[in-house]
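To keep things clear, I will list the structure first and then write my remarks on it.
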Amino acid sequence: MKPFVLLLVVLLAGVAEEALPAPASTVVVPPAAISGYHLYPGDLLVVRVFDQPDLSYSIRIPPTGSITVPLIGSVDGLIGKTVEAMAAEIAKRLADGFIRNPQVTISIGEFGQRSMSVIGAVTKPGEQVLDPLAPTSAMQAIGKAGGFLDSANRHSAQLVRMDPARPGQRLFLPLPTSDSPAALATDIPLQPGDMILVPSLDRVYVIGMVQKPGAVPLPATEPLTVSKAISLTGGFDKFARQSDVQVIRAGKRVEVVDMRAVLTGGKGAHDPRLEPGDTIFVPESRL
């Protein structure tokens with residue numbers, strides 16, 4: 001057996017566990033339809049090298065964003081990279097001593113599932129799958145959830161998103177308060193993992209590191225404080241950052257409350273009284 005052929009056989013065997021045949025029922029999305037598409041965990045890539053059938057294969061992107069490609073080995077940092085950039089990188093590395101002028105194309109056999117959720121005062125709260133080729137806005141997602149209930153506090157509706165600059169923290173982005181063109185101009189394109197929170201006029205929401213995140217009804221006869229709302233959700237999770245509890249209120253600056261001081265009777269500790277539509281976010285301490 002020639003040395004190059006032997007090398008090819010050995011390298012192909014090394015990626016046999018990662019490379020997969022495209023499912024027979026899969027409709028492969030061609031390169032022209034995904035121009036500029038950014039790769040995502042779970043995407044099943046169909047890689048073709050012109051006139052090199054032994055170097056054509058299907059492979060799924062793992063959460064690490066790294067795959068092993070025949071002949072060239074590990075290709076890293078794929079998540080967020082465009083299909084064109086990945087094809088160009090593979091072609092460049094194949095041209096480095098393996099194949100003269102390789103022509104590489106990449107199609108998508110399956111898209112990794114992207115989802116977000118709508119909770120609170122909408123008709124059909126729950127998870128929604130996002131179409132990677134047809135962006136969805138926050139207000140479109142609320143429409144898919146059946147729209148606002150009569151009890152919804154629209155002025156306090158917000159998009160909750162992981163903050164890429166601060167691991168474990170969240171961004172709270174206000175949503176349009178009406179259906180006017182001017183208001184909808186501030187609508188927000190959704191990202192995987194987003195959560196739309198629509199408070200009720202008679203409730204507050206507690207999210208983050210508590211035992212049972214969700215809505216807490218406002219009592220009719222007594223005020224509801226941050227500490228009481230947290231206790232009604234079962235109390236803090238063991239990883240809760242109790243000293244940095246955030247109270248989010250529409251049109252107001254986020255208030256940070258040291259609940260550890262409140263619960264231990266610390267000097268100057270303040271346990272704020274909650275209003276309808278408030279959201280309490282308890283961050284994670286181990287990040």
Side-chain angles (χ1 to χ4, degrees), residues 114-131 134-163 169-234 245-257 271-283:
R114 299 152 168 80
S115 63
M116 55 79 59
S117 58
V118 182
I119 66 173
V122 292
T123 303
K124 296 181 292 185
E127 188 175 72
Q128 296 182 16
V129 176
L130 297 176
D131 185 340
T136 302
S137 73
M139 296 305 291
Q140 287 173 331
I142 290 174
K144 291 180 181 178
F148 294 105
L149 295 177
D150 291 340
S151 61
N153 185 346
R154 292 187 58 158
H155 291 277
S156 295
Q158 54 197 317
L159 178 67
V160 184
R161 175 175 292 170
M162 293 292 295
D163 186 348
Q169 296 292 317
R170 302 291 192 277
L171 297 172
F172 296 88
L173 309 174
L175 299 184
T177 57
S178 74
D179 297 327
S180 69
L184 291 178
T186 64
D187 202 357
I188 304 172
L190 295 175
Q191 298 178 6
D194 282 351
M195 179 178 68
I196 293 174
L197 177 60
V198 183
S200 295
L201 292 171
D202 60 348
R203 298 181 182 185
V204 299
Y205 279 83
V206 183
I207 61 176
M209 304 306 292
V210 293
Q211 297 295 330
K212 299 177 181 178
V216 176
L218 284 167
T221 58
E222 59 181 320
L224 181 66
T225 63
V226 174
S227 63
K228 188 175 295 185
I230 291 174
S231 69
L232 291 173
T233 61
V245 174
Q246 299 171 28
V247 179
I248 299 96
R249 181 173 296 161
K252 302 290 185 180
R253 183 187 297 273
V254 173
E255 181 177 3
V256 179
V257 181
D271 190 7
R273 178 174 175 172
L274 297 172
E275 297 180 4
D278 284 352
T279 297
I280 301 169
F281 170 60
V282 181

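Note that the coordinates shown come from a computational prediction; the quantities given were computed from them, not determined experimentally.
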Can you measure from [atom1] ([X]) to [atom2] ([Y]) and round to the nearest 0.5 angstrom?
{"X": "Glu275", "Y": "Leu224", "atom1": "CD", "atom2": "CG", "result": "11.5 Å"}
{"X": "Asn153", "Y": "Leu197", "atom1": "CG", "atom2": "CG", "result": "10.0 Å"}
{"X": "Gln158", "Y": "Thr279", "atom1": "CD", "atom2": "OG1", "result": "4.5 Å"}

So, for [X] and [Y], which heavy atoms are closest and what is the spacing to 0.1 Å?
{"X": "Ser137", "Y": "Leu190", "value": "O-CD1, 3.6 Å"}
{"X": "Gln140", "Y": "Pro135", "value": "OE1-O, 3.8 Å"}
{"X": "Arg249", "Y": "Asp278", "value": "NH2-OD2, 2.6 Å"}
{"X": "Leu173", "Y": "Ile188", "value": "CB-CD1, 3.6 Å"}
{"X": "Pro213", "Y": "Gly208", "value": "CG-O, 3.8 Å"}
{"X": "Met162", "Y": "Leu171", "value": "O-CD1, 4.3 Å"}

Could you list all the salt bridge (Lys or Arg N to Asp or Glu O under 4.0 Å) pairs where at least one residue sits in residues 216-234, not counting sequence neighbours?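 Non-adjacent pairs meeting salt bridge (Lys or Arg N to Asp or Glu O under 4.0 Å): Glu222-Lys228.
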Kindly write out the residues that satisfy side-chain contact (heavy atoms from CB on, under 4.5 Å) with [X], not counting sequence neighbours, or none if the list is empty.
{"X": "Pro192", "value": "Tyr40, Arg114, Leu130"}
{"X": "Asp131", "value": "Leu133, Ala134"}
{"X": "Thr123", "value": "Leu149"}
{"X": "Thr186", "value": "Pro176"}

Run the side chain to side chain contact (heavy atoms under 4.5 Å, CB included) check on Thr136 and Met116 step by step: do they pass? CA-CA 10 Å; Thr136 302; Met116 55 79 59; over 6 Å; no
Which residue pairs pass the side-chain hydrogen bond (donor to acceptor under 3.5 Å, both in side chains) test when at least one of the two sits in residues 194-210, sequence neighbours left out?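 side-chain hydrogen bond (donor to acceptor under 3.5 Å, both in side chains) check on residues 194-210 returns Arg161-Asp194.
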Restricting to side-chain hydrogen bond (donor to acceptor under 3.5 Å, both in side chains), what partner residues turn up for [X], sequence neighbours left out?
{"X": "Gln246", "value": "Gln169"}
{"X": "Ser117", "value": "none"}
{"X": "Ser227", "value": "Thr225, Asp271"}

Check against side chain to side chain contact (heavy atoms under 4.5 Å, CB included), Ile207 and Met195: CA-CA 11 Å; Ile207 61 176; Met195 179 178 68; 3.9 Å; yes
May I have all residue pairs that pass ring pair (Phe, Tyr, Trp, His ring centres under 6.0 Å) and include part of residues 172-195, sequence neighbours excluded?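 Qualifying pairs: Phe172-Phe281.
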Applying side chain to side chain contact (heavy atoms under 4.5 Å, CB included) to Ile196 and Val122, what does each step give before you reach the verdict? CA-CA 10 Å; Ile196 293 174; Val122 292; over 6 Å; no
With sequence neighbours left out, write down each residue that passes salt bridge (Lys or Arg N to Asp or Glu O under 4.0 Å) with Arg154, or none if nothing qualifies.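 Salt bridge (Lys or Arg N to Asp or Glu O under 4.0 Å) list for Arg154, sorted by chain: Asp179.
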Contact check, side chains of Val210 and Ile280, non-hydrogen atoms, under 4.5 Å: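 Side chain of Val210 against side chain of Ile280, heavy atoms only: no contact under 4.5 Å found.
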Could you tell me which residues satisfy ring-ring contact (aromatic ring centres under 6.0 Å, His included) with Phe148, sequence neighbours excluded, listed by chain and number?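 In terms of ring-ring contact (aromatic ring centres under 6.0 Å, His included), with neighbours along the sequence ignored, Phe148 is linked to no residue.
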